[in-house]
Amino acid sequence: MSLAVEILISALLIIGGSFGLIGSFGLLKLREPMQRLHAPTKATTVGVGASLIAAALTLLWQTGSASWQGVMVAAFLFLTAPLSGLMLAKAHRHLSRPDLPPTGTKAPWAGETPPKP
Amino acid sequence: MLTYALPFAITCFALALILNLIRLATAPSMPDRILTVDTMVINVIALIVLYGVQTHATVVFDAALLLAMTGFISTIAFCKFLLRGGIIE
Amino acid sequence: MSRLFPHPMLSATLCLAWLLLAGSIALNSLLMAACLATLIPLATQAYWPSRPKIRHPLRLISYIALVLYDVILANIQVARIILFMPADQIKSAWITVPVDLPCPEAIALLAGTITLTPGTLTAEFSADNKALLIHALHAPDPDATRAEIKSRYETRLQRIFR
């Protein structure tokens, strides 16, 4: 039993570390600014998520008491990753002004409406 | 087995932080720098948690929790500053 | 009752979050959780007048499980693109996704899901809340990506919120 738990925790730790490294490597490798946004918002989030599960399992296994703070850290990371991604995408678009496809409706994209006086 | 996997994960996140620092020094534009700092915050959270596992100190989980709750606000504030030239409207 | 608790779901979430933060179900934590769950919805009521109607809370849980499963798959995909695909072969694209969801909360949930799942990222919404602008990391076929988002996530959300 304890060997199985140890293998599970080790696998989670190795997966988490690799994904964290891949996300940061993607930041260096990808060429376009919008492509670079993809690397950390996904790979790093899952890397940290796997590490957090591993940490919580280790504590549960070694001390017998569950650590709920790890769950909260993971929840906050998953809630805030889309927010920072959205704001960074807006900043990129504000500075580089790429050609966007039409909205398909009558209204323009929200960032392109003139500010109300 | 855990004695090898834990240092491996810590090394991975430390290397990730070094890659982030290189990116921070060579970033071509302002949003890239903000993105890099955001990634660094996430990597630091992972490092803090793994340090807690290594030293059996559950106290550091609170530090990780605080960073997870407030780390994204700096990203949003920087982006807001780029978009509008001000943070508080 | 509905005047004391204008957002029952928000109250329940706050209560649960405080108990998880405190890490115990002692009496003092329960009292503090009850205070927060009552006061915060009352204080923020003026900024959130509408109430999302969730018809099937159980389906919401199965939706979250589906999204978590997709997040793992998405990460393996993105990791393979980062590691093995030459940088000049990655075909990024802007894609417009028309959405038909009844309330802002559902649209926010869809946008968050898109950001967390396979190689796509929500970048903007249209001024009338009828379309989302997403950026795909590697999308050789934008129509397939759009169809997958609509069939996999939007129809499920339409069944949950109404």
Side-chain angles (χ1 to χ4, degrees), chain A residues 3 6-7 9-25 27-28 33 36-37 39-41 44-45 47-52 54-56 58-59 62-63 65 67 69-70 72-77 79-81 83-92 94-96 111, chain B residues 1-20 22-23 26-32 34-36 38-43 45-50 52-53 56 58 61-62 64-65 67-84:
Chain A
L3 183 68
E6 202 171 338
I7 289 175
I9 293 174
S10 305
L12 279 173
L13 279 174
I14 288 171
I15 291 170
S18 315
F19 270 110
L21 194 52
I22 289 171
S24 298
F25 175 67
L27 263 185
L28 276 171
R36 281 197 285 269
L37 254 178
T41 47
T44 316
T45 311
V48 178
S51 311
L52 282 167
T58 316
L59 285 178
Q62 286 176 345
T63 64
S65 64
S67 146
Q69 274 134 345
M72 291 300 284
V73 174
F76 277 116
L77 279 180
L79 280 180
T80 56
L83 284 179
S84 28
L86 177 66
M87 287 307 284
L88 280 164
K90 280 187 184 229
H92 272 304
H94 181 70
L95 291 182
S96 65
Chain B
M1 201 179 294
L2 208 54
T3 49
Y4 296 109
L6 195 55
F8 173 80
I10 292 179
T11 314
C12 274
F13 280 108
L15 275 179
L17 271 176
I18 292 174
L19 291 182
N20 286 159
I22 296 172
R23 178 82 264 182
T26 62
S29 71
M30 203 61 198
D32 274 316
I34 303 172
L35 177 63
T36 312
D38 190 52
T39 316
M40 284 177 87
V41 170
I42 299 178
N43 283 334
I45 293 172
L47 268 184
I48 291 176
V49 169
L50 293 177
V53 176
H56 305 289
T58 49
F61 271 44
D62 294 327
L65 190 53
L67 267 181
M69 282 164 78
T70 55
F72 82 107
I73 293 177
S74 63
T75 311
I76 289 183
F78 271 128
C79 290
K80 204 86 179 154
F81 181 73
L82 282 187
L83 283 171
R84 301 285 172 88

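Letters A, B, ... are given to chains in the order of the sequence lines, protein chains preceding strands, and every chain is numbered from 1.
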(message) Counting only non-hydrogen atoms closer than 4.5 Å, does Leu86(A) touch chain B with its backbone (N, CA, C, O), its side chain (CB onward), both, or neither?
(response) neither
(message) If you compare all heavy atoms of Ala55(A) against all heavy atoms of Phe61(B), which two are closest, and at what distance to 0.1 Å?
(response) CB-CZ, 3.9 Å
(message) If I take atom OG1 from residue Thr58(A) and atom NE2 from residue His56(B), how far apart are they, to the nearest 0.5 angstrom?
(response) 9.5 Å
(message) Rounded to the nearest 0.5 Å, what separates atom CE in Met72(A) from atom CG in Asp62(B)?
(response) 11.5 Å
(message) Looking at chain B, which one of Leu52(A), Ile22(A), Thr80(A) has the largest number of heavy-atom pairs inside 4.5 Å, strictly under?
(response) Thr80(A)
(request) Taking all non-hydrogen atoms of both residues into account, name the closest pair between Ser18(A) and Phe8(B) and its distance. (result) OG-CE2, 4.1 Å
(request) With rounding to the nearest 0.5 Å, note down the distance linking OG in Ser51(A) to CD1 in Ile48(B). (result) 12.5 Å
(request) Answer with side chain, backbone, both or neither: which region of Ser10(A) has an atom nearer than 4.5 Å to a non-hydrogen atom of chain B? (result) both
(request) Against chain B, label Phe25(A) side chain, backbone, both or neither, depending on which of its atoms sit under 4.5 Å from a heavy atom there. (result) both
(request) Enter the distance from Arg36(A):CZ to Thr39(B):OG1 here, rounded to the nearest 0.5 Å. (result) 11.5 Å
(request) Working to the nearest 0.5 Å, report the span between CG of Leu83(B) and NZ of Lys90(A). (result) 7.0 Å
(request) Against chain B, label Ile7(A) side chain, backbone, both or neither, depending on which of its atoms sit under 4.5 Å from a heavy atom there. (result) both
(message) Using a 4.5 angstrom heavy-atom cutoff, name the option from Ala75(A), Ala91(A), Gly23(A), Gly85(A) with the most pairs to chain B.
(response) Ala91(A)
(request) Could you tell me which non-hydrogen atom of Ser84(A) sits nearest to which non-hydrogen atom of Asp38(B), and how far apart they are? (result) OG-OD2, 3.8 Å
(message) I need the Thr70(B) OG1 to Phe76(A) CZ distance, nearest 0.5 Å.
(response) 10.0 Å
(message) Among Ile34(B), Thr75(B), Leu65(B), Thr11(B), which residue has the highest count of heavy-atom pairs closer than 4.5 Å to chain A?
(response) Leu65(B)
(request) Step by step, work out the side-chain contact (heavy atoms from CB on, under 4.5 Å) result for Leu13(A) and Leu50(B). (result) CA-CA 9 Å; Leu13(A) 279 174; Leu50(B) 293 177; 3.5 Å; yes
(message) Is any side-chain heavy atom of Leu95(A) closer than 4.5 Å to one of Pro31(B)?
(response) yes
(request) Heavy-atom distances under 4.5 Å only: say whether Leu6(B) touches chain A with side chain, backbone, both or neither. (result) both
(request) Taking all heavy atoms of Ser24(A) and all of Asn20(B), pick out the closest pair and write down the distance. (result) OG-ND2, 3.4 Å
(request) Could you go through the side-chain contact (heavy atoms from CB on, under 4.5 Å) check for Leu21(A) and Leu19(B) one step at a time? (result) CA-CA 8 Å; Leu21(A) 194 52; Leu19(B) 291 182; 4.1 Å; yes
(message) Testing the basics here: between Ala64(B) and Val73(A), what is the closest heavy-atom pair and its distance to 0.1 Å?
(response) C-CG2, 4.1 Å
(request) Determine the minimum heavy-atom distance between Leu27(A) and Arg23(B), stating which atoms define it. (result) O-NH1, 2.8 Å
